[in-house]
Amino acid sequence: MKLVHWISTGGLAALAAATAYAQQAQPRPQISSSPRVSSVKSGDIVVTEMPGDPARAALPNVERLFDGYVRNGAMPGIVGAFGFGERPTLFLASGTIADGEKQPFAGPDSLWRVYSMSKPITGMAAMMLIEDGKLNLDDPVSKYIPAFKDMKVATSPDTSLATRPATRPITIRNLLTHTAGLGYTIVTKGPLLKEYERLGILPLSVSAAMEEKMRPVRPKSLEEFANRVATLPLIAEPGTKWSYSIGLDVMGRVIEVASGMSFERFVQTRLFDPLKMKSSFWQVPQSEIGRLATNYAFVGDTRTPLDPAANSVFAQRPSFPYGGAGLVMSARDYDRFLHMIQDGGTLDGVRVMRPETIALATSNLLPTGVTYGGVSSGTGGTKGSNMGFGAGGSVVLETTPNGPGKGTYAWGGAAGTIAWVDPLKHSRGTVMVNYFPADRIPLREQVVAALMQDAARLRR
C-alpha cells in the first residue's frame, strides 16, 4: 500500500473510522509543566543557571511555540530534548500523550513512533561493523546476501517492468545513502509498486487494522525479506542516483550476517544497553503501554486516532525488525543516542564507537557525482542546498553563518518526529510528536527558528 497516497486520500479517514474512538470530538489537552532539569552553556547558545524551571526559563520562545501547538489543537502533546555541551539535557514538554480526560502528560520518557528516525540507528550499527573490520563501505552487498549478485535495472521504472542487467554491484555505501537503486512504497510508482506490494515489501507498521492486511503477505524474517527484495528490478543503476529507499531495512540483514547475531540483538547489545537506552523498542512491552502516545491522522482539520496506545500495532511483535522505520523511543533515549554522536562515540564514559568512525558516518558518503537535495517533507526528512548524505541521515556539507556546523547529522520520521546533532558546535535536538501527515506543520523550521531567537536573547 502506497502510504503517502493513502494518507493524502480517504484512507486515513476510513481506517480511523474503524477505531474505537473514531470521529469523536476530542477535548483540548492540558498544558503540562516540563520536568525540572539543569540548564546548559555551550556553542552558539549560552544558557545561564536560572531559578525555577530552567528549560522554560532558558528557552521561552520554544516554550511558547510548544504550548501554542497544544493550545491551538495542532497536537495533543509534544516533547523536546535539547542538549548543549556536556551539561544536562533541557527537556520541554506540553500537553498529553493522547486526547481525552486524565491522559498522562507528555514527558521525556513518553514513547513515540519514530519511524524513519530508526534509519540513523541502523546506519550507526553498520558503522560499528565497519569499525570492527567486518564490513567495508564499498563491499558488494552480495558478499553478505548472495541473492543480490545479479541485479536487474528497470528501463522505465514508473511505467514498465522491462529490465536490463545492472553494470555495477550494490554496495554497503549504497544501502546507507539511498543510492542502491532500491524502491520504497512511499515513492515507487506503477507496476513496480504493485510488485513491492505483491511481495510484501512493506517494512513498517501503521495500525492494527492495516497490519491485518499487510502481515499475511509480508516476509517472516529479515533473510526472507532481503531475498525477496533481490528479485525486484532496481529503479536506477547502483551508485548513480539518490532515491529514498528500503536500503536501511536491507542493511538490517547485512548486519545479521556480518555480526553473526540477530539484528535486534546487535542493536540492543552494541547500542541500547551500553548507552542505557531503556525506552527503545521494536515491540512495546505491555508493561510500558501506558507511556505510549497515540498516533493521529489529520483529515482536513479533524484529528482522529489512527493507532491508539491501548491496541497499538506496536504492541505486536513485528514480522521482523524494520531497520528503516520500526522503532518506538523516548525523547530521553534518542537524546542519548545523539549525545553519543555529539561526543565522538562516547557517553557517560562508555565508548561505543571511535571518534573517527563518527566523523566518517557524519560525512558525505554519497558516491562521486551523486547529490542530495532533499526528500518529501511528508517523510519527515531534511532538504537543502548545503546537504550531503551520511550513514542513514543527511549531513551538512559546510558551516554557514548562523547556521549548523559542517557534519550536522539529521533526519525525521513520517509521524512528525525530528532530530539533529551538530558535532562541531556540540549541540543537538530531538522533538517528539505523533501524527500523519508529518508535513502538516513545518516543525523543523519553526523549532529551529525559536531556538535561534532564544540564543540571540541569551547572547545579549
Side-chain angles (χ1 to χ4, degrees), residues 3 19 75-81 91 93 96-98 103-125 202-211 214-215 218 248-249 252 262-268 271-273 275-297 305-338 379-380 392 411-419 430-436 438:
L3 184 59
T19 71
M75 59 195 71
I78 181 170
V79 179
F91 291 102
T96 54
I97 62 174
Q103 294 291 337
F105 287 124
D109 299 305
S110 302
L111 299 177
W112 310 83
R113 300 151 192 79
V114 300
Y115 283 112
S116 286
M117 274 166 47
S118 306
K119 290 178 171 70
I121 301 284
T122 303
M124 289 298 165
L202 305 162
L204 80 164
S205 298
V206 177
S207 71
M210 190 170 175
E211 186 68 9
M214 297 169 73
R215 189 175 288 264
R218 197 190 285 121
L248 276 299
D249 294 287
S262 73
F263 175 47
E264 284 176 291
R265 184 181 170 210
F266 184 86
V267 172
Q268 188 69 45
L271 267 173
F272 294 167
D273 286 347
L275 294 179
K276 297 182 180 178
M277 294 168 61
K278 299 178 181 180
S279 295
S280 298
F281 306 107
W282 306 100
Q283 177 186 9
V284 180
Q286 281 298 320
S287 61
E288 308 301 328
I289 288 294
R291 293 195 279 146
L292 178 62
T294 288
N295 194 20
Y296 288 84
L306 176 64
D307 187 42
N311 62 350
S312 173
V313 66
F314 284 90
Q316 303 177 25
R317 184 163 184 80
S319 299
F320 53 89
Y322 313 139
L327 282 165
V328 168
M329 302 177 70
S330 68
R332 189 187 305 278
D333 270 20
Y334 213 90
D335 176 71
R336 291 187 67 79
F337 171 66
L338 297 182
T379 69
W411 207 239
T417 56
I418 59 173
T430 298
V431 180
M432 297 294 201
V433 292
N434 267 175
Y435 53 77
F436 289 142

**Q.** Phe263-Phe266 aromatic ring centre distance below 6.0 Å
**A.** no

Q. Can you find a heavy atom in the side chain of Tyr296 that is under 4.5 Å from one in the side chain of Met75?
A. no

Q: Would you check if Thr417 and Met329 make a side-chain contact, meaning some heavy-atom pair closer than 4.5 Å?
A: no

(Q) Would you compute the distance between atom OG of Ser280 and atom CG of Leu271 and round it to the nearest 0.5 angstrom? (A) 9.5 Å

Q: For the residue pair Arg291 and Ser279, confirm or rule out a side-chain donor-acceptor distance under 3.5 Å.
A: yes

**Q.** Pair Glu211-Arg218, side chain to side chain contact (heavy atoms under 4.5 Å, CB included): steps then yes or no
**A.** CA-CA 10 Å; Glu211 186 68 9; Arg218 197 190 285 121; 2.8 Å; yes

(Q) Among Asn295, Leu327, Leu204, exactly one meets side chain to side chain contact (heavy atoms under 4.5 Å, CB included) together with Arg113. Which residue is that? (A) Asn295

Q.
Between Trp112 and Met117, is there a side-chain heavy-atom distance shorter than 4.5 Å?
A. no

Q.
Under a plain distance cut-off of 3.5 Å, with no hydrogens placed, do Ser330 and Asp109 share a side-chain donor-acceptor pair?
A. no

**Q.** Distance-minimising heavy-atom pair for Ala438 and Gly413
**A.** CB-O, 3.8 Å

Q.
Just verifying a value: how many Å separate Asp249 CG and Phe320 CZ, rounded to the nearest 0.5 Å?
A. 6.5 Å

Q) Are the side chains of Val313 and Val206 in touch, meaning some heavy atoms are under 4.5 Å apart? A) no

Q.
If I compare all heavy atoms of Pro76 with all of Ala98, which pair ends up nearest, and what's the gap?
A. CB-C, 4.0 Å

**Q.** Least distance between heavy atoms, Pro305 atom then Thr294 atom
**A.** CB-CG2, 4.1 Å

Q. Taking all atoms of both residues into account, what is the closest heavy-atom pair of Ala331 and Ala81, and its distance?
A. O-CB, 4.1 Å

Q: Could you go through the side chain to side chain contact (heavy atoms under 4.5 Å, CB included) check for Val79 and Arg332 one step at a time?
A: CA-CA 10 Å; Val79 179; Arg332 189 187 305 278; over 6 Å; no

Q.
Just so I know, are the side chains of Pro120 and Phe337 near enough to count as touching, which here means a heavy-atom distance under 4.5 Å?
A. yes

Q.
Nearest 0.5 angstrom please: Asp333 CG to Ile121 CD1, how far?
A. 9.0 Å

Q | Closest non-hydrogen atom pair, Tyr115 against Ala414 | A | CB-N, 3.7 Å

Q) At what distance, to the nearest 0.5 angstrom, does OG of Ser116 lie from OH of Tyr322? A) 14.0 Å

Q. Looking only at atom types and distance, does a side-chain atom of Arg336 sit under 3.5 Å from a main-chain N or O of Leu275, one as donor and one as acceptor?
A. yes

Q. Of the non-hydrogen atoms in Gln283 and Ala315, which two are nearest, and what is the gap between them?
A. NE2-O, 3.0 Å

Q.
Quick check: do Thr96 and Phe105 have side-chain heavy atoms less than 4.5 Å from each other?
A. yes

Q. Atom OG in Ser110, atom CD1 in Ile78: separation rounded to 0.5 Å?
A. 12.0 Å

Q | Nearest-0.5 Å distance that lies between atom OG1 in Thr430 and atom CD1 in Ile418 | A | 8.5 Å

